[in-house]
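The analysis underlying the following values was restricted to heavy atoms, covering all of them including side chains, and did not include hydrogens, waters or symmetry mates. First listed ligand is number 1; within each ligand, the first listed atom is number 1. Only a predicted model underlies this, so the values are computations on that prediction, with no experimental measurement involved.
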Amino acid sequence: MSSQASFDRASVLGKSADELRALLESLGEPGYRGAQIYHALYAERRFEFAAMTNLPLAVRERLEREAAIALPRIVRRHRSADGTVRYVLGIGTANIEAVFMPEENRQTICISTQAGCAVDCRFCLTATLGLVRNISAGEIVGQVLVALEDNRAALKPQTNIVLMGQGEPLLNYDPVMAALRILLDPDGMAISPKHATLSTSGIVPGIERLAQERVRPKLAISLNASSNEQRDKIMPINRKYPLEKLLDACARYPLRSWERLTFEYVMLGGFNDSPEDARRVVRLLANLRAKVNLIPWNPGDLPYEKPDLARVQEFRRILADKGMLAFVRDSRGQDVMAACGQLALAESAASASPDVTHA
Ligand code: SAH
Ligand code: SF4
């Protein structure tokens, strides 16, 4: 499916139309050929230069020799009973994970923005990896391309993407934005900004930078606690960007007419799931155009408890009674560790079998 990159060949995956134009000019070809490659790669999803029939044969042959389209390798597929597929993807010597979730009229693809994560939230398995490395724009776009290609026969017309896999997107800002410009470009992968969500643990300078972008996805903030004292205990990043700074950046964030901020709230049994917590959340978010997603904690080998379902419903009702939009989000793919916060398997390519089905 992919050409392997070698050190002396130019890698095209993740390059913008302008960068591809410049690359083709540097090869002595007309610049518009770059725009043709951009279209073939992202809009038509052709992963071999030979298949880019919008280019003359001689150019295709030259690109085969001098350039490469290095898609992430599928190291493992884990299929959940609910149809979700968790991919372990090899990028060089590192692994990342992406999740494909088929629905009736659309698919949602959850992608990683770093290999591992340095933010160290106590309830999240990805944190146990630490930061392995930042990943490139091509490695980010490549996850979407691989997931789409691997499910080509079953694709629905709409694709949603969520930047909620491994990593903190706003700590790998430039590659993440370069990838998003391709993903959200009507001439590129043509995903609607309404169908793309970036989730952050609350990196305030990153939120401020995102606010200035011309092209941007929806923004979700991992709130996860109802006070600084509580948030400090589970998200060390809160000492750097405490709730007042975070919520102030949220209040200044320029929402589009159709847009709300999403606040994710991972519910940890007996820790942050009381009615008082719910009332504090109402007060924290009172002045924001917001929606709250309550995510019952997905277990990993960490010292927390799943919340009691009745308490989750009670929490939601308290928010709703105060006029807040609030939903309970049950994570999919839990049987294959594909759910939020479970993406942490450091599987090696050498020991992997290509397809593992849990049904
Ligand atoms: N780093 C970003 C995006 C990836 S995490 C962030 O933290 O927002 C995506 C979501 O999964 C976050 O809201 C996070 O709080 C949540 N999450 C992490 N571990 C979880 C777990 N074990 N169960 C449920 N949600 C979890
Ligand atoms: Fe990183 Fe998000 Fe996990 Fe926190 S919840 S450790 S920011 S991936």
Side-chain angles (χ1 to χ4, degrees), residues 86 96-99 101 108-135 140 143 161-173 176 180 196-204 206-207 210 217-226 230-241 246 249-250 261-269 271-273 281 290-307 309 312 327-345:
R86 175 164 68 90
I96 48 173
E97 290 167 284
V99 181
M101 290 165 275
T108 298
I109 302 174
C110 173
I111 56 176
S112 295
T113 55
Q114 296 180 306
C117 184
V119 177
D120 209 19
C121 305
R122 302 288 186 238
F123 49 83
C124 172
L125 268 189
T126 305
T128 61
L129 299 175
L131 179 64
V132 179
R133 70 162 165 89
N134 274 325
I135 64 177
I140 297 170
Q143 295 171 62
I161 51 165
V162 293
L163 282 63
M164 297 187 187
Q166 292 184 7
E168 167 47 59
L170 298 182
L171 292 180
N172 187 23
Y173 192 92
V176 165
L180 281 167
T197 304
L198 179 155
S199 173
T200 178
S201 56
I203 308 297
V204 169
I207 294 171
L210 191 63
K218 294 189 292 182
L219 180 60
I221 316 271
S222 298
L223 182 64
N224 295 346
S226 65
Q230 200 180 55
R231 202 164 187 264
D232 281 348
K233 288 194 184 128
I234 52 171
M235 300 181 74
I237 194 78
N238 194 62
R239 292 194 203 107
K240 197 160 182 191
Y241 307 116
L246 176 57
C250 290
L261 285 170
T262 298
F263 287 87
E264 295 147 298
Y265 193 97
V266 178
M267 299 200 65
L268 304 165
F271 181 80
N272 64 358
D273 62 344
V281 168
K291 137 183 148 179
V292 178
N293 282 343
L294 302 172
I295 315 171
W297 183 64
N298 297 307
D301 191 13
L302 295 169
Y304 294 96
E305 299 284 337
K306 282 177 101 138
L309 231 76
V312 177
F327 303 90
V328 178
R329 295 285 185 222
D330 263 320
S331 302
R332 297 183 58 181
Q334 296 188 30
D335 54 339
V336 292
M337 297 297 280
C340 304
Q342 295 187 318
L343 302 184
L345 287 192

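At a threshold of 4.5 Å between non-hydrogen side-chain atoms, the residues Thr113 and Glu168 do not count as touching. At least one side-chain heavy atom of Met235 sits under 4.5 Å from a side-chain heavy atom of Cys121. Annotation: side chain of Gln230 is in contact with side chain of Phe271 (closest heavy-atom distance under 4.5 Å). Inter-residue side-chain proximity for Gln143 and Ile109 is flagged as unmet; no heavy-atom pair is nearer than 4.5 Å.
Thr262 places no side-chain N or O within 3.5 Å of a backbone atom of Ala220 that could act as its donor or acceptor partner. Under a 3.5 Å cut-off, the side chain of Trp297 and the backbone N or O of Tyr304 do not form any donor-acceptor pair. Although no hydrogens or angles enter the test, the distance criterion places no donor-acceptor pair under 3.5 Å between the side chain of Arg133 and the main chain of Ala115. Counting only distance, with no hydrogens or angles, the side chain of Tyr241 and the backbone of Ser201 share no donor-acceptor pair below 3.5 Å.
Nearest heavy-atom pair, Gly165 versus Cys110, reported as atom, atom and distance to 0.1 Å: N-SG, 3.4 Å. When all heavy atoms are compared, the tightest approach of Glu264 to Ser199 is OE1-OG, 2.8 Å.
The proximity of Asn298 to ligand 1, defined as any non-hydrogen pair under 4.0 Å, involves the side chain as well as the backbone.
The protein atom (non-hydrogen) at minimum distance from atom 5 (S) of ligand 1 is Met164 O, 4.0 Å. Taking atom 19 (N) of ligand 1 as the reference point, the nearest protein heavy-atom neighbour is Gly341 CA, 3.0 Å. Counting protein heavy atoms only, atom 11 (O) of ligand 1 is closest to Cys340 CB, 3.5 Å. Shortest contact from atom 10 (C) of ligand 1 to any protein heavy atom: Glu264 OE2, 3.9 Å.
Applying side chain to side chain contact (heavy atoms under 4.5 Å, CB included) to Leu198 and the options Leu163, Val162, Ile221 leaves one that passes, Leu163. With Ile234 as the fixed residue, the side chain to side chain contact (heavy atoms under 4.5 Å, CB included) test singles out one of Asp120, Leu268, Val266: Leu268.
Of all atoms in ligand 1, numbered sequentially from 1 with element shown, those under 4.0 Å from a heavy atom of Val266 are 15 (O), 16 (C), 17 (N), 24 (C), 25 (N), 26 (C). Residue contact check: Ile295 has heavy atoms under 4.0 Å from atoms 24 (C), 25 (N) of ligand 1. Atoms of ligand 1 lying under 4.0 Å from any heavy atom of Ser199, numbered from 1 in the order shown and given with element: 2 (C), 3 (C), 6 (C), 8 (O). Counting the atoms of ligand 1 from 1 in the order shown, those under 4.0 Å from a heavy atom of Thr200 are 6 (C), 8 (O). The atoms of ligand 1 that sit less than 4.0 Å from any heavy atom of Asn224 are 15 (O). The distance from ligand 1 to the heavy atoms of Ser222 drops below 4.0 Å at these ligand atoms: 6 (C), 7 (O), 8 (O), 12 (C), 13 (O), 14 (C), 15 (O). Of all atoms in ligand 1, listed by their number and element, those nearer than 4.0 Å to a heavy atom of Glu168 are 1 (N), 2 (C).
Ligand 1 is never approached by Gly202 to a heavy-atom distance shorter than 4.0 Å.
Of all protein N, O or S atoms, those under 2.8 Å from atom 1 (Fe) of ligand 2 number 1.
The nearest non-hydrogen atom to atom 1 (N) of ligand 1, considering only Gly167, Cys124, Ser201, comes from Gly167.
How far CG of Leu223 is from CG of Leu246: 7.5 Å, rounded to the nearest 0.5 Å.
When only interatomic distances are considered, the shortest N/O to N/O separation between Gly165 and ligand 1 does not fall below 3.5 Å.
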